[in-house]
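These notes are about the structure you will find just below.
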Amino acid sequence: MYPEHLVAPMRNDLTVAGFKELKSSEAVDQELKDQKGTTLLVINSVCGCAAGAARPGIKWALEHSEKKPAHLATVFAGVDKEAVSKAREYTLPYPPSSPAIALFKDGELVHFVERHHIEGRNAQMIGEHLVEVFDEFC
């Protein structure tokens with residue numbers, strides 16, 4: 001587990017962009033179970049690819065896309081263990097991955113970006129990909 005003072009700026013990076021933090025399995029269920037519309041769920045992490053590509057790319061996509069998910073939520077790997085475990089149940093059959101980006105539509109997972117799709121790509125590449133995903137599903 002990472003200390004809260006270490007992850008606070010990384011949490012804040014998404015919450016200031018409108019993401020709701022989910023810190024328990026119950027909160028994840030409330031957000032995703034039987035949800036209508038679209039929900040973007042980010043499995044945040046302390047790694048460099050989260051800081052350099054995932055979070056900036058997600059924010060870029062939200063700023064530049066005409067269509068956007070109705071709901072924005074995040075869990076933090078290595079910190080909110082219970083919430084992350086529950087979130088990963090919703091992203092099956094994909095293996096655990098952090099950072100990761102999941103888009104749900106009417107409670108169903110419709111798109112998933114795993115860590116290996118984030119590593120080696122820059123924020124704009126991630127953002128442009130997400131704009132395409134939002135255009136298709138939102």
Side-chain angles (χ1 to χ4, degrees):
M1 298 286 278
Y2 297 103
E4 185 58 36
H5 71 277
L6 175 71
V7 300
M10 298 171 217
R11 286 184 189 273
N12 191 48
D13 201 13
L14 291 178
T15 58
V16 297
F19 282 80
K20 177 181 179 181
E21 285 186 283
L22 309 175
K23 294 186 175 187
S24 69
S25 62
E26 294 83 12
V28 173
D29 275 339
Q30 287 175 354
E31 189 68 27
L32 296 178
K33 191 174 185 179
D34 303 321
Q35 180 70 263
K36 297 298 178 206
T38 52
T39 301
L40 184 67
L41 174 70
V42 176
I43 301 175
N44 202 351
S45 87
V46 299
C47 72
C49 62
R55 291 191 304 263
I58 292 162
K59 293 185 300 184
W60 188 93
L62 291 170
E63 290 172 11
H64 291 89
S65 183
E66 290 182 25
K67 296 181 178 180
K68 295 174 180 53
H71 308 277
L72 305 173
T74 183
V75 296
F76 209 109
V79 181
D80 303 321
K81 186 176 179 178
E82 181 185 314
V84 172
S85 287
K86 180 56 76 172
R88 287 179 172 155
E89 289 177 20
Y90 283 94
T91 61
L92 288 172
Y94 294 96
S97 180
S98 59
I101 307 162
L103 183 66
F104 296 87
K105 184 170 186 175
D106 297 330
E108 297 295 322
L109 180 65
V110 294
H111 191 78
F112 192 66
V113 180
E114 297 175 84
R115 178 186 178 110
H116 70 88
H117 294 122
I118 296 169
E119 292 175 312
R121 291 171 177 80
N122 64 38
Q124 187 167 350
M125 292 169 74
I126 302 296
E128 289 172 351
H129 172 74
L130 290 174
V131 166
E132 291 176 10
V133 171
F134 297 166
D135 283 347
E136 181 177 349
F137 295 107
C138 296

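Predicted model, so just to flag it, every value in this text is computed and none were measured.
- By the criterion of side-chain heavy atoms lying less than 4.5 angstrom apart, applied directly or through intervening Ile, Leu, Val, Met, Phe, Trp or Tyr residues, Val84 is not grouped with Val7; the two fall into different hydrophobic clusters.
- Separating the CG atom in Leu130 from the OG atom in Ser65 is a distance of 9.0 Å, to the nearest 0.5 Å.
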Inset, instruction - List the steps and the verdict of side chain to side chain contact (heavy atoms under 4.5 Å, CB included) for Cys47 and Arg115. - result: CA-CA 10 Å; Cys47 72; Arg115 178 186 178 110; 3.4 Å; yes
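- Residue Ala102 comes nearest to Thr91 through the heavy atom pair CB-CG2, 4.0 Å, listed as atom of the first residue, atom of the second, then distance.
- Two different hydrophobic clusters hold Tyr90 and Val113 under the rule that ILVMFWY side chains link at heavy-atom gaps under 4.5 Å.
- Checking side-chain atoms of Glu82 against main-chain N and O of Ser25 turns up a donor-acceptor pair under 3.5 Å.
- At a threshold of 4.5 Å between non-hydrogen side-chain atoms, the residues Leu40 and Ile58 count as touching.
- Rounding to the nearest 0.5 angstrom, the gap separating the CZ atom in Phe19 from the CZ atom in Arg55 is 11.0 Å.
- Closest approach of Gly52 and Ala123 over heavy atoms only: O-CB, 3.9 Å.
- Between His129 and His111, the two ring planes are tilted [angle within 30° to 60°].
- Here OG1 of Thr39 is found 6.0 Å from CG of Leu32. Values are rounded to the nearest 0.5 Å.
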Inset, instruction - Assess whether side chain to side chain contact (heavy atoms under 4.5 Å, CB included) is satisfied between Ile118 and Arg121, documenting all intermediate values. - result: CA-CA 6 Å; Ile118 296 169; Arg121 291 171 177 80; over 6 Å; no
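- Rounding to the nearest 0.5 Å places CG of Leu14 at 8.5 Å from CZ of Phe76.
- Here the closest non-hydrogen pair linking Val16 and Asp13 is CG2-O, 3.8 Å.
- Side-chain contact check for Glu128 versus Trp60: some heavy-atom pair is nearer than 4.5 Å.
- The two residues Pro56 and Ala50 come nearest to each other via the heavy atoms CD-O, 3.7 Å.
- For the side-chain contact (heavy atoms from CB on, under 4.5 Å) criterion with Leu22, the lone passing option out of Thr74, Val28, Asp29 is Val28.
- Taking a cutoff of 4.0 Å between a charged side-chain nitrogen and a carboxylate oxygen, Lys105 and Glu108 do not qualify as a salt bridge.
- Met125 and Val133 sit in two unconnected hydrophobic clusters of ILVMFWY residues. Membership requires side-chain heavy atoms under 4.5 Å apart, directly or through other members.
- Transitive grouping of hydrophobic side chains (ILVMFWY, heavy atoms separated by less than 4.5 Å) brings Leu41 and Leu109 into a common cluster.
- Listed for the Ser98 side chain is no donor-acceptor partner under 3.5 Å among the backbone atoms of Ala100.
- Under the 4.5 Å side-chain contact rule for hydrophobic residues, Val79 and Val75 do not share a cluster.
- Glu66 CD: 12 or fewer foreign heavy atoms inside a 6.0 Å radius.
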Inset, instruction - Could you check Glu26 against Gln30 for side chain to side chain donor-acceptor pair (under 3.5 Å), going step by step and ending with a plain yes or no? - result: CA-CA 6 Å; Glu26 294 83 12; Gln30 287 175 354; over 6 Å; no
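- To the nearest 0.5 Å, atoms CD (Gln35) and NE2 (His71) are separated by 3.5 Å.
- Separation of atoms NZ (Lys68) and OG1 (Thr38) is listed at 11.5 Å; rounding is to 0.5 Å.
- Salt bridge Asp80/Arg11: present, at least one basic N to carboxylate O contact under 4.0 Å.
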Legend entry - Leu72/Leu62 under side chain to side chain contact (heavy atoms under 4.5 Å, CB included): CA gap, chis, key distance, verdict: CA-CA 10 Å; Leu72 305 173; Leu62 291 170; 4.0 Å; yes
